[in-house]
S.K.: 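Sending over a structure as structure tokens; questions will come in a sec.
Since the structure is predicted, the reported quantities are computational estimates derived from the model, not experimental observations.
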Amino acid sequence: MTVDQYDAIGEAFEGFKSLPLTRYGEVPSVLGLVGDVTGRSVLDVACGTGFYSREFKRRGATDVFGVDISVEMIAAARDIERREPLGVRYEVGDVAELDAPEGGFDLALAVQCLNYAEDIATMERMCRNIHRSLVPGGEFFVFAQKPDYAFDCASLETYGFRCEPTGEEGGTGPRVRVTALLEPQPISIVANCPRREVYEESLRAAGFSELEWVPLQVSEEGIRAFGEEFWADLLASPPLEMLRCRA
């Protein structure tokens with residue numbers, strides 16, 4: 001469900017970060033959740049073209065390792081690294097078969113990653129591999145589709161996306177088609193929307209504790225740019241949510 005979709009996108013994936021929901025919602029929410037990375041080592045799973053990997057390095061992380069299952073995504077990330085060297089390492093890899101150094105990282109980030117697990121066993125395996133890659137007490141941050149998002153609420157097209165259920169049921173929850181309304185060509189991706197208990201039980205089975213769900217926020221910059229009324233529908237039914245826990 002994952003590789004072909006993202007191999008077809010390549011560096012065009014960078015365009016997602018320009019859309020209002022991503023620029024003023026996702027990005028500041030993720031960076032605010034993770035907090036200060038100065039002097040810390042970071043594992044960025046499903047890193048895509050390396051947006052967050054680069055951001056963490058700029059913010060003072062000592063070592064950043066980005067992993068993604070898509071060859072084309074990693075090729076794009078490495079190309080950006082060649083053009084603008086920051087010292088980020090990238091490798092092609094499946095998180096379900098992750099071969100990262102054991103106990104090597106202070107924190108890990110998974111943006112739209114665990115929702116690609118085809119079944120609960122695969123999600124648990126992903127979580128165990130990430131747990132094994134963290135130092136004791138290391139933090140793990142997850143960003144994904146809100147598990148109980150109501151698809152009958154106001155449209156997200158105002159914010160740059162279309163989100164709709166496919167009518168199919170995956171092994172962890174319903175399947176969802178998300179379309180980024182990019183110009184000149186929109187890009188659609190299909191993923192699962194795992195149930196809340198699937199996330200929680202998989203993470204706990206892997207050894208994580210102190211699980212906390214954190215709501216999506218809109219940055220002050222976004223409110224200044226568009227006004228509070230513009231964001232009212234999004235904040236009334238946020239489509240995305242974050243989760244933090246500890247190894």
Side-chain angles (χ1 to χ4, degrees), residues 2 25-48 52-53 55-56 59-69 91 93-149 170-174 191-217 238-247:
T2 309
E26 175 198 313
V27 172
S29 292
V30 169
L31 295 177
L33 180 71
V34 174
D36 186 10
V37 296
T38 304
R40 306 183 77 189
S41 55
V42 181
L43 173 63
D44 185 7
V45 295
C47 67
Y52 287 109
S53 296
E55 194 62 33
F56 291 139
R59 289 171 179 243
T62 54
D63 178 35
V64 181
F65 182 41
V67 180
D68 199 283
I69 197 171
E91 283 191 17
D94 183 349
V95 180
E97 310 297 337
L98 187 63
D99 187 25
E102 184 169 345
F105 296 93
D106 297 312
L107 66 91
L109 173 69
V111 172
Q112 304 290 17
C113 173
L114 300 182
N115 49 318
Y116 287 102
E118 290 287 357
D119 50 43
I120 292 172
T122 302
M123 185 183 282
E124 288 183 358
R125 193 160 65 248
M126 288 177 167
C127 293
R128 287 193 188 96
N129 287 338
I130 294 166
H131 186 279
R132 179 177 51 80
S133 301
L134 290 169
V135 298
E139 296 176 284
F140 180 34
F141 304 94
V142 177
F143 185 91
Q145 182 88 42
K146 186 175 181 180
D148 45 11
Y149 178 63
T172 61
N192 293 325
C193 183
R195 297 179 295 277
R196 197 173 295 273
E197 65 270 19
V198 171
Y199 278 116
E200 294 176 355
E201 291 169 8
S202 296
L203 287 163
R204 288 194 177 103
F208 287 101
S209 61
E210 300 180 33
L211 276 65
E212 177 189 3
W213 289 95
V214 180
L216 180 76
Q217 302 289 332
L240 301 161
E241 195 167 12
M242 299 176 291
L243 177 62
R244 68 189 308 162
C245 54
R246 192 173 294 277

S.K.: So, do R244 and V214 sit near enough that their side-chain heavy atoms are less than 4.5 Å apart?
M.R.: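 A side-chain contact under 4.5 Å exists here.
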
S.K.: Considering only heavy atoms from C-beta outward, does the side chain of F208 approach that of I130 to under 4.5 Å?
M.R.: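 F208 reaches I130 side chain to side chain.
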
S.K.: Taking side chain as C-beta onward, heavy atoms only, is L134 less than 4.5 Å from R132?
M.R.: no

S.K.: Does the separation of the ring centres of F140 and H131 fall below 6.0 angstrom?
M.R.: no

S.K.: Do I120 and E201 come within less than 4.5 Å of each other through their side chains, counting heavy atoms only?
M.R.: no

S.K.: Donor-acceptor pairs under 3.5 Å, side chain of residues 28-47 to any protein atom, not counting sequence neighbours: which ones?
M.R.:
| from | atom 1 | to | atom 2 | distance (Å) |
| --- | --- | --- | --- | --- |
| S29 | OG | G25 | O | 2.7 |
| S29 | OG | Q217 | N | 2.9 |
| S29 | OG | Q217 | O | 3.0 |
| D36 | OD1 | T38 | N | 2.9 |
| D36 | OD1 | T38 | OG1 | 2.6 |
| R40 | NH1 | E139 | OE1 | 3.3 |
| R40 | NH2 | E139 | OE1 | 3.2 |
| S41 | OG | G104 | O | 3.4 |
| S41 | OG | D106 | N | 3.0 |
| S41 | OG | D106 | OD2 | 3.2 |
| D44 | OD2 | S53 | N | 3.2 |
| D44 | OD2 | S53 | OG | 2.7 |

S.K.: Can you confirm whether L107 sits close enough to F141 that some side-chain heavy atom of one is under 4.5 Å from a side-chain heavy atom of the other?
M.R.: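 SC-SC contact between L107 and F141 confirmed.
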
S.K.: For S202 versus V198, what's the shortest heavy-atom pair and its separation?
M.R.: OG-O, 2.8 Å

S.K.: Please list, one pair per line, the donor and acceptor atoms closer than 3.5 Å that link side chains of residues 122-129 to other protein atoms, with sequence neighbours excluded.
M.R.:
| from | atom 1 | to | atom 2 | distance (Å) |
| --- | --- | --- | --- | --- |
| T122 | OG1 | D119 | OD1 | 2.7 |
| R125 | NE | A96 | O | 3.3 |
| N129 | ND2 | V95 | O | 3.0 |
| N129 | ND2 | A96 | O | 2.9 |
| N129 | ND2 | R125 | O | 3.4 |

S.K.: Run the salt bridge (Lys or Arg N to Asp or Glu O under 4.0 Å) test on R196 and E241 for me, step by step, so that the C-alpha distance in whole Å, both residues' side-chain angles and the decisive distance to 0.1 Å come before the verdict.
M.R.: CA-CA 11 Å; R196 197 173 295 273; E241 195 167 12; 3.1 Å; yes

S.K.: Does a side-chain heavy-atom distance below 4.5 Å link L243 with L203?
M.R.: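 Touching, per the 4.5 Å side-chain cut-off.
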
S.K.: Between F105 and V135, is a side chain to side chain contact (heavy atoms under 4.5 Å, CB included) present by the stated rule, with each step listed?
M.R.: CA-CA 6 Å; F105 296 93; V135 298; over 6 Å; no

S.K.: I'd like to check E210 versus C245 (side-chain heavy atoms, cut-off strictly below 4.5 Å). Are they in contact?
M.R.: no

S.K.: For Y199 and W213, take the angle between the two ring planes, folded into 0 to 90°, and tell me which bin it lands in: parallel under 30, tilted 30 to 60, perpendicular over 60.
M.R.: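 Correct class here is perpendicular.
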
S.K.: For residues P194 and P147, report the shortest heavy-atom separation together with the two atoms involved.
M.R.: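 Answer, listing the atom of P194 first, then P147: O-CB, 3.4 Å.
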
S.K.: Does some side-chain heavy atom of L211 sit less than 4.5 Å from a side-chain heavy atom of E200?
M.R.: yes

S.K.: Quick one: NZ on K146 to CE on M242, what's the gap to the nearest 0.5 Å?
M.R.: 11.5 Å

S.K.: Determine, stepwise, if the pair L98 / S133 fulfils side chain to side chain contact (heavy atoms under 4.5 Å, CB included).
M.R.: CA-CA 9 Å; L98 187 63; S133 301; 3.7 Å; yes

S.K.: Which heavy atom in G170 sits nearest to a heavy atom in N192, and how many Å separate them?
M.R.: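 So the two residues come closest at CA-OD1, 3.7 Å.
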
